[in-house]
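Here the structure is a predicted model, which means the values were calculated and not measured.
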There are 2 protein chains.
Amino acid sequence: MHQSCLADRLGRFLHLAEPELRALAALEDTERLVPRGTMLRAEHAASREFYVVRRGWMYSSILLFDGNRQILSMHLPGEFAGEVGLAWEKAPFTITAATDTVVRVIDKAAIRGIVEDQPRIAALLLLLAQIERVTLADRLASIGRTSAKSRVAALLVDVLRRLRAGGEPVEEGIVLPLTQEEIGDATGLTAVHVNRMMRHLTDDGLIVRSNGRVRIADEARLAGIGSHVDRYAAIDLSWLPPRRGEIDDRA
Amino acid sequence: MHQSCLADRLGRFLHLAEPELRALAALEDTERLVPRGTMLRAEHAASREFYVVRRGWMYSSILLFDGNRQILSMHLPGEFAGEVGLAWEKAPFTITAATDTVVRVIDKAAIRGIVEDQPRIAALLLLLAQIERVTLADRLASIGRTSAKSRVAALLVDVLRRLRAGGEPVEEGIVLPLTQEEIGDATGLTAVHVNRMMRHLTDDGLIVRSNGRVRIADEARLAGIGSHVDRYAAIDLSWLPPRRGEIDDRA
DNA sequence: CGCGATATTGAATAACATCAAATCCTGTGG
DNA sequence: CCACAGGATTTGATGTTATTCAATATCGCG
C-alpha cells in the first residue's frame, strides 16, 4: 500500500481513476504517531484537519456535563476519524488512541479542491458520511433498545466485521485493545457489568478469552444476540457521477 | 416561500447564487401527503428518493429482531428525511408521519447532477450530513449515559430549538405531536416511565402541560438537565468552495 | 519483585420495566 | 347534544436489570 491512504479507503468502494488518485495523493501531508491513551484531538480544540487511521485503534467520545463519557465510534485501521469536524471550527468530539496509533493528517481546506475538481469523490464522501450515520444509528438502537448482553455482543461483532473488511486476520481471534471501562463507555454500561456480560458470553461458548485476546467462537449466534446487521453488504453506488471522460453506461 | 424547499433548507446556511437556485429548483418534483401514523417509506423498501418535510413531523426508526423499535431522529418542517438512503438501494430506516405531513420528493439520481455542477452545494450537503451525525451522536450520549429524566428533557429542548430555528413560533408553547410511546421509543424508555418523567418535569416547574400542548417554562434549566448542546451555534463554512464566478476573498 | 491499572466477584441498592387498573381525551354516529 | 369506543395517559404495585460499593485477584511492565 504505497498509494494515498485516502485512496485506499475510497478504493474499497469503487475503482478510482488516475486523475482521482493523483488528486488524492496530493492531499496527504504528515504522518503522526499517537501513543496509547493520549488524545489526538480534544473536544473544543481547533478542528482544521481530519485523519485516516493507518495502524491501531482510536475512538471518538463525548464528555457530558457530569463527567460521564460516551464513546461514539471506533476508528479502525483504514477508516476515517474526525470528519465530523468538517462542520465546526471546534471539534465536537474527543479522539483518543486506544492503542499506539499511526494516523495521516488531512487538511480540511483541501476538501474544497476535491469537491470542485472530483465530483465522484465528493459524492463518495457524501455516501461514506451516510454509512457512518447508519452505523451510529445501529449503535443507538443497540443501546436504546437491547439488553446489556446484546450490546456487548453487538460491539464485538461490529469490530470483528470491520477489521475483516479492512483486511486484518481475525479468524484466529483478535486482540481487543479496549478496557472493560472503555467497552462500558461505548455500550452505555458500567465496567463491572461489562465484565459480567463477557463472562456470560464466555460461559455460553460464544467467545473465548485468554489474556486479552478474544476469539469469536460463534459469530452468527453472536450477531443474532446483538441484532447486528451488516450494512456494508449492499452499498448503492449507482447514483454516483461517472468517472471523468467516460461514457456513463449505467442508465 | 415560493422557491425550492431544498433551497430553503440550504439557504439557512449560506446565501445561494442564482445558478445554484436554478439547479435546485429543477430537482423538485412531486409533493406528497402523508397522513398521521402512516409510513412514508418502510425499512427494506426501495430508496430511490429522499424528502424535504414541508409541514408536520416525521421520524425515522429501526425495527429490531425482537420487535422493539428505536426512533433515531425527528424530521421537522424544513428538514431532510431519508438521505441516508443515498447509500443503499433498500432503505435502512422506516420513515413514519407523526402528524399529517406534506413532503417534497427528490430523486436520488438527481444528486449526481448537483454534485457535478454545483460543488458548493455538494460541500454543503456533506456538511449537513456531518451535522446530522453529531445530532445522532448527542442523542446516543443522552441515551447511553444519562438518566431517564435527562433524556426526556434533552428531547424536548432539541425539538424546541429546531422548531425555533425553522421559524416556527414556540415561545407560547408547542403542540408535541408525539405519544408517550413514541417518546419512549426515541429515548430508550417505556411509555410508562416517560409519563413519570414528564410528571417530574412538570412538578419541578420546568414544563407546563395542558391537553397535549407543552410549554417549556425554563429552557435553560431543561437544557442543563438534558446536557443539551446547541450545535447550530457555530457552523464552519470557511472551507466551502467559493460561489462560481466569484473571487474567493475569505482567505 | 512490586506497583498501578485492570479484571473479577459478591452483596446491597437504585433505576427502570412490567403488569394491571382507572381515567381522560377525541372523534364518530346516532 | 349525547353516548360510546378506542387510543392515550396516569398511577400503583411488583419484578428485573443494571449500578454502586467493596474486596480480592490478576496482568503488564519497569
Of the nucleotides dT11(D), dA18(D), dC21(D), which has the atom closest to the Val192(B) side chain?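 My answer, after comparing the listed nucleotides, is dT11(D).
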Please classify the nucleic acid contact of [X] as base, sugar-phosphate, or nothing, using heavy-atom distances under 4.0 Å.
X	answer
Arg209(A)	sugar-phosphate
Gly188(A)	sugar-phosphate
Thr179(A)	sugar-phosphate
Arg213(B)	nothing
Arg196(B)	base

Assess whether atom [atom1] of [X] is packed by more than 12 heavy atoms of other residues, nucleotides or ligands within 6.0 Å.
X	atom1	value
Arg161(B)	CZ	yes
Arg36(A)	CZ	no
Glu219(B)	CD	yes

Round to the nearest Å and state the distance from [X] atom [atom1] to [N] atom [atom2].
X	N	atom1	atom2	result
Ile143(A)	dA18(D)	CD1	P	13 Å
His193(A)	dT16(D)	NE2	P	15 Å
Arg151(A)	dT17(D)	CZ	P	13 Å
His200(A)	dA18(D)	NE2	C1'	12 Å
Leu178(B)	dT9(D)	CG	P	10 Å
Leu189(A)	dT20(D)	CG	P	11 Å
Lys149(A)	dT19(D)	NZ	P	16 Å
Met197(B)	dT10(D)	CE	P	13 Å

Using the salt bridge (charged side-chain N to carboxylate O under 4.0 Å, His left out) rule, take Arg145(A) and Asp66(B) through it: C-alpha gap first, then chi angles, then the decisive distance, then the call. CA-CA 10 Å; Arg145(A) 280 286 179 241; Asp66(B) 59 9; over 6 Å; no
Please determine which of Leu160(B), Ile183(B), Leu155(B) meets the side-chain contact (heavy atoms from CB on, under 4.5 Å) test together with Leu176(B).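 Among Leu160(B), Ile183(B), Leu155(B), the one that satisfies the side-chain contact (heavy atoms from CB on, under 4.5 Å) with Leu176(B) is Ile183(B).
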Does OP1 or OP2 of dT19(D) have a side-chain N or O of Thr190(A) closer than 4.0 Å?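 Checking dT19(D) against Thr190(A), a side-chain N or O does come within under 4.0 Å of OP1 or OP2.
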Can a side chain N or O of Arg199(B) be found less than 4.0 Å away from OP1 or OP2 on dT11(D)? yes
Find out whether Ile143(A) and Gln70(A) are in side-chain contact, i.e. whether some heavy atom of one side chain is under 4.5 Å from a heavy atom of the other.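 Touching, per the 4.5 Å side-chain cut-off.
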Do Arg209(A) and Thr202(A) pair up side chain to side chain, a donor and an acceptor below 3.5 Å, judged on atom types alone? yes
Interface limits on DNA chain C, where chain B has a heavy atom under 4.0 Å of a nucleotide atom: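 Here the contact window of chain B covers dC16(C) to dC19(C).
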